[in-house]
Novice: 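Take a look at the following structure, please.
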Amino acid sequence: MKDLAHALTAANAAVFSSLGLDAKHAEVRRSDRPDLGEFQCNGALAAAKSAGKKPPEIAQSVAGAWNATELASTPTIAGPGFLNFKVTPQALANRAQVIADDARAGASVVEHPRRVVVDYGGPNVAKGMHVGHLRASIIGESVRRIYRFRGDQVWGDAHFGDWGFQMGLVITALEDELGGFDDRAKLDARLQSLTLEQLEAIYPAYAAKVKGGDIETRDRARKATAALQGGSALHREIWKAMRDVSMAAQKRDFASLGVDFDLWLGESDADPLIPDMVKDLDAKGLLEEDQGARIVRVAGPGETKKKKLEDGTVVEVESPDPLLVVSSEGSAMYGTTDLATIVQRVRDQKPDLILYVVDQRQADHFEQVYRAAAKAGYIAREQLEHVGFGTMNGSDGKPFKTRAGGVLKLNDLIGQAEEKARERLKENEIDADFSKEEFEDVAHKVAIAAIKFADLSNFRGTSYIFDLDRFMSFEGKTGPYLLYQAVRIKSILRKAEEQGVAPGPITVEHEAERALTLALDAFDGALTAAYDKKAPHFLAEHAHTLAQAFSGFFANCPILPSEGAVRASRLALAGAALKQLTLTLDLLGIDVPERM
RNA sequence: GCGCCCAUAGCUCAAUUGGAUAGAGCAUCCGCCUUCUAAGCGGACGGUUGCAGGUUCGAGUCCUGCUGGGCGCGCCA
């Protein structure tokens, strides 16, 4: 299934070849200058050098030899040798018809499907879901859907943070609270009554204690971590109670956000692989003793950086830093777990590619892990990719905080967005004939669409400013706008059904019909860009241009009020637009209500 | 100190291997509801792409330097 740009490129390549020009310069793409043409080819400029001719001459000969007149009229030449193409109404109509008849709405699939693990979400058992997990979850979910839609076999893995030092720290806090774990009945009762809210309160308090220089607590927590990982039944039992409480709450939060996983695994699931892995690393001669810990050096020859020590002296050290595999207490660090998780995934999913949708700030860490994995021969370096993203900031440009300065819980954030959605619905008097259930469902969908679209319309790598009022706004490039466009089309299709009006063969005559068809045609390009770059914002952008193109069509081309073949054609175009818009939004993880 | 990332319209953000006149949304201003949902549509205004050089037919994009901001730098994750 080729879009118009590919069809034009193929036709143009044939012309280039027939003129003895290198076909690689024949690429045709959407025009930057809609006033001059719908598609453009810049290849005459690039081909000029090797052909030993001037660009305008080449452009002239290409135009003269153009023979795909069923596709586009003879290209015009502008500037220093740009070729501008205008597609024929028939070719546009054909393309629109193909999209209308295609369940995938014109989207292609990958030539060679791969096995891909997408690691995202990454909630921490001791912390509970807050806005910090929003981007990882939203972007990861979208990447998972995009990869699967393109034809790859995909596993999304939550990779719960349920195994590190934080678990030892929370266990230590509980020990302090109970005055030790000797009283079995007391411990059981406490574990029974444990809530996520309590865990969320305990962890930051103790983390602050340790950070503030409480060496004694730190060492006890490290020992507790080592005990847990060493298989202590008591520690394991306490850990399990904490994990269960946390997991249940997080599953609810993920469901509310419309984020799902194929594998609900965590760091602890990779733990059983660690002893053998450490032996293996040792056997391969990769482990070294260093300051009581065991490390793997990952820097290549000549890779160094300067480092300033605490006493002020500057020394030359290897770069990247070595990966710390076994701490001086004998416990696993997060790098250890990440490495073991690679071993686990290679064993279980045999992935061609593992994508880590994790905060950009962890780039150095992943570089260490990836190099270590490659060095140990577990997987090739190119099969591991960190899909990093920027932070979500408050209006002050700093990482998002509540007015009180704390972290905003995910559940509260969604609640705030829903409340704004309810206000909007009521202001527009949409709620009159809605049941309470439908009203709440629509409010929820509008809220999630607003939050997700705001996030996904920015390139993932850059940080963005979170402004709920703007995201939920009446006007503009927002999630609610896109839902509104989709819902308008649904309304038309319902009315057509009631009136017994059926879609028919598509013709493209009106300027707004051309624009809509060209927007529909651009879907595959947006999809492949999003796929190749692991960047959903290309699809968010597409959803917006498509919605706008439809809106222009809607305003200029009456559908039901028109008649006969024109009405049937426009109805088919509207149906195609709805199908593709719904699909695009689904790839972003956004659900469309029936009406709003 | 060393390293990575970023700097685009008043604000929030785009710009596919380097391509023509750098695009959207918001805000401001002007039009459009007796036609299918006006959460809409059309138009106007708005730019020395942080600064200075370089590479070439051509630079927001590549290179060097500078300024300003963010982040990271073994026993947290």
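Chain letters run A, B, ... following the sequence lines, proteins first and then strands; every chain starts at 1. Keep in mind that this is a model prediction, so the values were computed, not measured.
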Novice: So which protein N/O to nucleotides 2-5 of chain B N/O distances come out below 3.5 Å?
Specialist:
{"from": "C2(B)", "atom 1": "O4'", "to": "K306(A)", "atom 2": "O", "distance (Å)": "3.3"}

Novice: What does Y484(A) touch in the nucleic acid at a heavy-atom separation under 4.0 angstrom: a base, only the sugar-phosphate, or nothing?
Specialist: base
Novice: Could you check whether H544(A) gets within reach of a base, just the sugar-phosphate, or nothing at all, counting any heavy atom under 4.0 Å?
Specialist: sugar-phosphate
Novice: Between protein and nucleic acid, restricted to nucleotides 18-20 of chain B and to nitrogen or oxygen atoms under 3.5 Å apart, what atom pairs and distances do you find?
Specialist:
{"from": "A20(B)", "atom 1": "OP2", "to": "D32(A)", "atom 2": "OD2", "distance (Å)": "3.3"}
{"from": "A20(B)", "atom 1": "O2'", "to": "R33(A)", "atom 2": "NH1", "distance (Å)": "2.4"}
{"from": "A20(B)", "atom 1": "N7", "to": "Q40(A)", "atom 2": "OE1", "distance (Å)": "2.8"}
{"from": "A20(B)", "atom 1": "N6", "to": "Q40(A)", "atom 2": "OE1", "distance (Å)": "2.8"}
{"from": "A20(B)", "atom 1": "N6", "to": "N84(A)", "atom 2": "OD1", "distance (Å)": "2.6"}
{"from": "A20(B)", "atom 1": "N1", "to": "N84(A)", "atom 2": "OD1", "distance (Å)": "3.3"}
{"from": "A20(B)", "atom 1": "N1", "to": "N84(A)", "atom 2": "ND2", "distance (Å)": "3.1"}

Novice: Which residues pass the salt bridge (Lys or Arg N to Asp or Glu O under 4.0 Å) test with E318(A), sequence neighbours left out?
Specialist: R297(A)
Novice: Looking across every strand, which nucleic acid part, if any, lies under 4.0 Å from V487(A) by heavy atom: base, sugar-phosphate, or nothing?
Specialist: base
Novice: Is it true that F389(A) and Y120(A) have ring centroids separated by less than 6.0 Å?
Specialist: no
Novice: Between A38(B), A24(B), U17(B), which nucleotide gets closest to the side-chain atoms of F554(A)?
Specialist: A38(B)
Novice: For A77(B), does the base pair up with any side-chain atom of Y334(A) as donor and acceptor (N or O, under 3.5 Å, distance only)?
Specialist: yes
Novice: Using atom C1' in both nucleotides, what's the gap between G74(B) and G70(B) to the nearest angstrom?
Specialist: 23 Å
Novice: Assess whether a salt bridge exists between E541(A) and K477(A), defined as any Lys/Arg side-chain N lying under 4.0 Å from an Asp/Glu carboxylate O.
Specialist: yes
Novice: Identify the two heavy atoms, one from G525(A) and one from D3(A), that lie closest to each other, and give their separation to 0.1 Å.
Specialist: N-OD2, 4.1 Å
Novice: I'd like the C1' distance from A15(B) over to G47(B), given in whole Å.
Specialist: 15 Å
Novice: Within the 4.0 Å heavy-atom criterion, would you say I559(A) contacts the bases, only the backbone, or no part of the nucleic acid?
Specialist: base
Novice: For A529(A), report the nucleic acid contact type (base, sugar-phosphate, nothing); a contact means any heavy atom under 4.0 Å.
Specialist: nothing
Novice: For the side chain of Q548(A), counting heavy atoms from C-beta on, which of C41(B), A39(B), C75(B) is nearest?
Specialist: C41(B)
Novice: What is the distance from CG of L546(A) to P of C41(B), rounded to the nearest Å?
Specialist: 13 Å
Novice: Do D271(A) and W163(A) make a side-chain contact, defined as non-hydrogen atoms from C-beta onward lying under 4.5 Å apart?
Specialist: yes
Novice: Under 4.0 Å, counting only non-hydrogen atoms across every strand here, what does D290(A) touch: a base, just sugar-phosphate, or nothing?
Specialist: base
Novice: Mind checking the P distance from A9(B) to A24(B)? Whole angstroms is fine.
Specialist: 16 Å
Novice: Mind listing the residues from residues 159-169 of chain A sitting with a heavy atom below 4.0 Å of RNA chain B? Number order is fine.
Specialist: G164(A), F165(A), Q166(A)
Novice: Give me the distance, rounded to whole Å, that separates C45(B) from C2(B) when you measure between the C1' atoms they each carry.
Specialist: 47 Å
Novice: Does the C75(B) base have a donor-acceptor partner in the side chain of S328(A) within less than 3.5 Å?
Specialist: yes
Novice: Please report whether the ring centroid of F453(A) lies less than 6.0 Å from that of H544(A).
Specialist: no
Novice: Rounded to the nearest angstrom, tell me the gap between atom CE in M596(A) and atom P in A38(B).
Specialist: 12 Å
Novice: Give the residues of residues 448-455 of chain A touching RNA chain B, defined as any heavy atom closer than 4.0 Å, sorted by residue number.
Specialist: none
Novice: For the P atoms, the ones on G3(B) and on G60(B), what distance do you get once it is rounded to whole angstrom?
Specialist: 28 Å
Novice: Near RNA chain B, under 4.0 Å by heavy atom, which residues of residues 492-502 of chain A?
Specialist: I492(A), K495(A)
Novice: Name the residue closer to the 5' end of RNA chain B, choosing between R218(A) and S491(A) according to the nucleotide with the nearest heavy atom.
Specialist: S491(A)
Novice: State the pairing partner of A20(B); accept Watson-Crick or G-U wobble contacts with both distances under 3.5 Å, and report none otherwise.
Specialist: none
Novice: Can you measure H537(A) atom NE2 to U12(B) atom P for me and round it to whole angstrom units?
Specialist: 18 Å
Novice: Just to be sure I understand the rule, does D35(A) reach a base, reach only the sugar-phosphate, or reach nothing, if contact means heavy atoms closer than 4.0 Å?
Specialist: base
Novice: If you take the centroid of each ring, where Trp contributes its six-membered ring, are H537(A) and F459(A) closer together than 6.0 Å?
Specialist: yes
Novice: Do E594(A) and V442(A) make a side-chain contact, defined as non-hydrogen atoms from C-beta onward lying under 4.5 Å apart?
Specialist: no
Novice: Are K127(A) and L199(A) side-chain neighbours, meaning at least one heavy-atom pair lies under 4.5 Å?
Specialist: no
Novice: Starting at the 5' end of RNA chain B and moving along, which residue's nearest nucleotide shows up first, F459(A) or Q485(A)?
Specialist: F459(A)
Novice: Nearest to the side chain of R595(A) - A15(B), C71(B), U37(B)?
Specialist: U37(B)
Novice: How far, in whole Å, is G10(B) from G18(B) if one measures between their C1' atoms?
Specialist: 31 Å
Novice: Please name the nucleotide paired to C73(B) by Watson-Crick or G-U wobble geometry with both distances under 3.5 Å, or report none.
Specialist: G1(B)
Novice: Just how far, in rounded Å, is P of U37(B) from CD of E594(A)?
Specialist: 14 Å
Novice: Could you check how far CD of E541(A) sits from C1' of A15(B), rounded to whole Å?
Specialist: 9 Å
Novice: Between F471(A) and F466(A), how do the two ring planes meet: parallel, tilted or perpendicular, split at 30° and 60°?
Specialist: perpendicular
Novice: If you count the non-hydrogen atoms of other residues, nucleotides and ligands that lie under 6.0 Å from CD in E288(A), is the total more than 12?
Specialist: yes
Novice: For the NZ atom on K53(A), are there more than 12 heavy atoms of other groups (residues, nucleotides or ligands in this structure) within a distance under 6.0 Å?
Specialist: no
Novice: How long is the span from the CD atom in E329(A) to the CG atom in D219(A), to the nearest 0.5 Å?
Specialist: 6.5 Å
Novice: Can you tell me how far P of A24(B) sits from NE2 of H542(A), to the nearest Å?
Specialist: 17 Å
Novice: Between F16(A) and H25(A) (judged by ring centroids, cut-off 6.0 Å), do the two rings come close enough to count as a pair?
Specialist: no
Novice: Starting at CD of E475(A) and ending at P of C41(B), how long is that distance when rounded to a whole Å?
Specialist: 10 Å
Novice: In whole angstrom, give me the gap between the C1' atoms of U16(B) and U35(B).
Specialist: 40 Å
Novice: Give the rounded distance in Å between these two atoms: CZ of F366(A) and C1' of A77(B).
Specialist: 10 Å
Novice: Tell me whether E498(A) is salt-bridged to R494(A), with the criterion being a basic N under 4.0 Å from an acidic carboxylate O.
Specialist: no
Novice: Can you tell which of C13(B), G74(B), A39(B) lies closest to the side chain of L425(A)?
Specialist: A39(B)
Novice: Does any non-hydrogen side-chain atom of T341(A) lie less than 4.5 Å from one of E267(A)?
Specialist: no
Novice: Write down the distance separating the C1' atoms in A38(B) and C57(B), rounded off to the nearest Å.
Specialist: 49 Å
Novice: From the set U37(B), A77(B), A15(B), return the single nucleotide nearest to any side-chain atom of M333(A).
Specialist: A77(B)
Novice: NA contact type, T528(A), heavy-atom cut-off 4.0 Å: base, sugar-phosphate, or nothing?
Specialist: nothing
